[in-house]
Every structure is written in structure tokens, then in C-alpha cells.
Amino acid sequence: MISQLSLENLAICRGGRTLFAGLSHTLTTGQALALTGRNGAGKTSLLRAIAGLVALETGQVGFGGLDPAEARAGGLHLIGHLEGLKPGRTAGEELTFWRRWLGGSSGAFESAVVTLELSTLLDLEVRRLSAGQRRRLALARLLAAPRPLWLLDEPLSPLDAGWRERLGQIMAGHLAGGGLIVAAVHDPLPIPAITLEIGS
Amino acid sequence: MAFSRWAAPMFGIVAVLLALVGLWLGFAAPEDYQQGDTVRIMFVHVPAAWLSMFVYACLGGASFLSLVFRHALADAAAKAAAPLGAAFTVLALATGSLWGRPMWGAWWVWDARLTSVLVLLLFYLAYMALRASLDDEAKAARAGAILALVGVVNLPIVHWSVNWWNTLHQGASVFRKGGPTMTVDYLYPLLLMSLAFMAAFGALWLVRIRGEVWRRRAEAAALRAARR
Amino acid sequence: MSRAGALLAREVALAWGKGGGPLVTLGFYVGTATLLPLATGPEPARLAAIATGMAWVALALAALLSLERLFERDFEDGALDLMVLSPVPLELVCALKCLGQWIATGAPLALAAPLAAIGLGAKPELVPLILACALVGGLAFAFTGGIGAALSLGARRGGLLTAVIVLPLFVPPVIFGGAALDAFASGLPWQAGLALLGAYTAAAVALGPLAMAAACRNALS
């Protein structure tokens, strides 16, 4: 499983424009990296590049010696702005599918539902959920199918103060269990993290 | 780039010379005993049809290079070739229609070759539409390349299926089986005109590729200037 | 339930839709088939001559209609990103999507096709062959249509663009299926047409996902 994430001399180009270049950092188990920078600086692109969706102009991403394709296929979670939830399906149906797709167990599913307080929402259609509830449902994937590396794109935005704190506890628990977190944020993360400014 | 500076005009001159000789020989050749003078449309129609397929092969080749080697020039070449190919296709269809009219009294017949060329026109239009409708140029280029390769696989199937369809229905055919009697008198002008069309394509293609490359450079420069 | 099975079940459920299932696509099909006698007049002889052809073309158009949402939905809400990040190859994901589309809308259309053809004046003996062609051809339409749908991800006027891309790809199956039906109606050997249709479908199922996956990766980058 992924024990280290190394970013070596990364540069990304979008639409003919170089967003950033020469970005290097190494992250090991139990560490969190917070990506900051103005909108459009390339935080989302960097997360997607680590996940292998966006091509790098230069440099490479290392997963502590593991085969990158394997690491990306089963070792990381990508939770972006868009939640990937179908409006017409119920929350329970969606989470069950994603749990199966991402390879989690039904026990993990139960604990995710309990931790994120989704039990009353499971029978509701996704379109009837509020933004904060949808975000919690999307984040439930993290717990329903445990994977070491979490790539989070502004995970806190639609959540209220109470849930931000709870998410902080969940993230701290993940780090304590040997996980790694890279999060793009505008506000400070509720856990200790190394900050990396993009596009300066 | 420097190559095209002298190559394009050279191709152009070669094209004009070959066309002049080809057409002169074409009009000097004796009339076909059946079709009379109208057979001379063949000297434009057949090369146009050949070129429409040749250009598609070039488009496919450039797309393949663009996908495999990610060469920006290959991509510009593919984009530049498409409208030219479409133009040859339209020319082939129009001259085919003009040829068919005195023969059969109909402006259009669902002949195997004409129908194949019509589907080829649809391919070209689809390619141009796809490249035009994606805003991100790099993505548009890759998507276009994928489509071009799908077309390269599908085109022989389409051609064969249309031929098969035509034999089933024994429809009116502008062209006798095997084509018009290919005497030497006809063959030379036909070959010359085909070479002339190819040279013309070469010239126009080079000019269009240059134009595309310059357009991209200008856009990049404008973007850089806007950011300061 | 395996990952692939879960995805297929979800695709069928989503393509089926809530409230009516494939009724919308069926409604479009019946509506298009109805336009023909309205346009050409109801004389039975005239209609019967082109009944099978028209039913076949309307089937292709109805298949075209349901393509737009094949990849677009998952692309726009971010689900496609997550489908890429799994041990299941993207090519298989695309194939399962097309298969789900065929099960949810293609199969019902195939059942409606004989009815439409008979309504337009085709002989009842044609029904088994129409059913076979519609099922096999529907699969070809789904897989080649998927190529168009994947290529137009992120494009303006994606639905129209998909149609323009896909129509040349529909030409061979339309020819083969139409030839088989026409031959049968005229008492000529029809097996060749059906065999060719099957061959084209097999090629589409085998090769289509390669193009679709490449197009999806391009759109996500």
C-alpha cells in the first residue's frame, strides 16, 4: 500500500499556459499536505495529475516504489468539487454502488454511515439533500472503502463549523492509521498540515 | 517550415503545368463512341474521387502520427487537410452528378462509387465539426485524431458494404463495370490530371499547414501579451 | 456482486430511468414510424414496399437519441473520474455502459420493431428476422454510438455532434440489416445480410470500447 508520495519537479500546462513548474515535495505516512493558492492556480489540476487523469508537462509522481497504475487504481481516493452522485437515485443506492466499485466491505459501509450520520438520509433521493449533506455522502466514500491516499479538493466548503470539526477528526484518524492526505483548500485545514502554495 | 516556402509554389507550378498538359491531351483524345464528349468530365471526376480518398489517407496518417508521437505539426497537418479533402469530395460528387445527367437524365443516382464518396463527405464534415466544437485545442486535436482513425477502420467497411448493396439492387450505374474503356488516349490525360490534382493538394496543404502554425504562434503570443 | 456486475446493474437502472423507463425512447420510435404513412399516404402497397426499411431506419434514429446521456451524465458530475480510478479497465467500463444502454433501451426497441413494421404493412413472416436484426443491430448501434458520445464529451451542441459523427458508422449495419430484411421479403437468401450484421456488431463490440476509452481519457485530461 502507498507509504509515500513523491512529487518530483512537476510542471502542468493547461490551454497552452504553464500553471506552475518545478514543484517538488515528498509526503510520508501520517502527513497531510495543504495546497493553497488563488483560483485557477492549478490546485485541482495538480490533484488530478497525482490521480493520473491529467498529463504532466515535466516531472513525475512516485508512489514509494509502487507501480503508479496499480497505486492509482486501488490506493487513492479523489473527492473533487463535483460529487459524482446521480440526482435521481437514493443516497443509499449511490453509496452502496460506490462502496462496491471502490472495493469496500459492508462493515466499512456501516461505519461510514454511522460516522457521517447518514442513516436518516439513506432513503432520500440525492436531489433532496442539501449541499452539506451531499458533501457528507461524497466523503462517506473515504470511509466505506478504505484507501491510504486521500486527494481532496476543497472538502470543507459546503460544511458548517460543526461538521468541519468532525471532518478534521476523521482526517486526523486517517493520518494516525498510516494514511496520507493532500487537500486543496482556501481556509486552513482543521489538522496540522504542511502548506504548499501553488502558482506563486 | 522553410521547406514549404519554396515547396508550396513549386507544387503549385507543377500542378498548373500538369493540368494544362492533361487537359490538352484530354480534349485531344477521341470521343467515346457511346458517351460522346461528356466522357471528358471523367478527367476531373475520377482524379477528384481518387484525391478525396488519398487526402483521407493523409488525414489518417497525420492523425496516427499525432496520437503516437504527439507531434504538433502532425496535428496541424490533419486539421489543414480536412477542408481540402471535403472540397475534393464535393467536386467529385458535383462532376459525378453532371456526368450522370446527360447519361441517365437524373441529377443523382445511387451508384456505388458516388454513394461511397457521399459517406466520405459525411466523415469529413464530422471531423471538421468535432474539431470546431471543442474549445480546448489540445483536446480537440486528440479527439479528432481518434475519430480519424475510427474512420480509417470504418471507411473500407463502408465502401465494401455500399458496393455489396449496389450489386444487390442492380441500380443505375454511371460507370460501366470496370469503368469506361480505358484506352491509352484516355489513360495518359487521366494520369496527368491525377498527378496535377495531387500536386495541387500538396501546394494547398503546405500553405494551409503554414497558416495553421502561424495562427497558433500568433494566439500564443497574444495570450502571453495579455497576461503581462 | 462484482464491480462489473454492480456497474452494469447501475447503468441499466439509470438508462431505464424513473417513471416510464424506456417509454420515452419507444414513444419516439413509434412517433417516427407514424410519420411515414402521414407523409406518403396510407396506400398499403406503397407502404409495404418500404415498411421494413423505414422501421429499420427509425430504430437507428431512436438508438441515436438515447446516446447523449451515455457518458455525458457521468462526465459532468464527476462520476467518470472515479470510474477511471479503479482496477476495472476503462475499456470494460465503456463496454458495460453500452451494454447497459442496449439492455435498457435497445432490447425494448427490438421488441417494438416488428410491431412497427407490421403496422406499416410488412408480412408477419418477417417478425423473427426483424427481431433478430433489431437485437443484433441494436447492439451495433449502441457500441458505435458510444464512440460518438465519448468523442463529443465537453463539446458544444454535443447531441447534434454525436449524430453527425455516428451516422457514417451506422451505414454498414443499416445496409446489412436492410438487405437481410429486403431479401427475406422478396424470397431471396437473407442469411448473408444477417451474418454480415453480426460480424459488424462483433467488430463494434470488440473495437468500439478502445476508441471510447481513449476519447474519455482525452476528455478527462
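Hydrogens, waters and symmetry mates are skipped; everything else that's a heavy atom, side chains included, is used. In what follows, chains are A, B, ... by sequence order, proteins preceding strands, each numbered from 1.
Looking only at heavy-atom pairs under 4.5 Å with chain C, the residue among B:Ala126, B:Ala138, B:Ser133, B:Ala129 that has the most is B:Ser133. Chain B forms the most heavy-atom pairs under 4.5 Å with one residue out of C:Ala155, C:Ala150, C:Ser152, and that residue is C:Ala155. Contact tally against chain C (heavy-atom pairs below 4.5 Å) for B:Leu130, B:Val150, B:Ile157: the top residue is B:Leu130. Heavy-atom pairs under 4.5 Å with chain B peak, among C:Leu196, C:Leu153, C:Ile147, at C:Leu196. When each of B:Leu155, B:Leu134, B:Leu125 is scored by its heavy-atom pairs under 4.5 Å with chain C, the top score falls to B:Leu134.
Here the two rings, on B:Trp164 and C:Phe176, have centers that are under 6.0 Å apart.
For B:Arg70, the CZ atom sits in a loose shell: 12 or fewer heavy atoms of surrounding residues, nucleotides or ligands are nearer than 6.0 Å. By the neighbour-count criterion of 12 heavy atoms within 6.0 Å, atom CZ of B:Phe64 is sparsely surrounded, having that number or fewer from other residues, nucleotides or ligands.
The interface of residues 74-102 of chain C with chain B, defined by heavy-atom distances below 4.5 Å, is empty. Within residues 158-174 of chain C, the residues having any heavy atom closer than 4.5 Å to a heavy atom of chain B are C:Leu161, C:Val164, C:Ile165, C:Pro168, C:Leu169, C:Val171, C:Pro172, listed by residue number.
In this structure, B:Asp135 and C:Arg156 have side chains that are in contact, with non-hydrogen atoms separated by less than 4.5 Å.
Looking at B:Ala132, the atoms closer than 4.5 Å to chain C (heavy atoms on both sides) all sit in the backbone: N, CA, C or O.
Atom CD1 in C:Ile175 sits 8.0 Å away from atom OG1 in B:Thr115 (nearest 0.5 Å). Distance check, rounded to the nearest 0.5 Å: CZ of C:Arg217 to CD1 of B:Ile146 gives 9.5 Å.
Judged purely by atom type and a 3.5 angstrom limit, C:Asn218 has no side-chain atom pairing as donor or acceptor with the backbone of B:Arg142.
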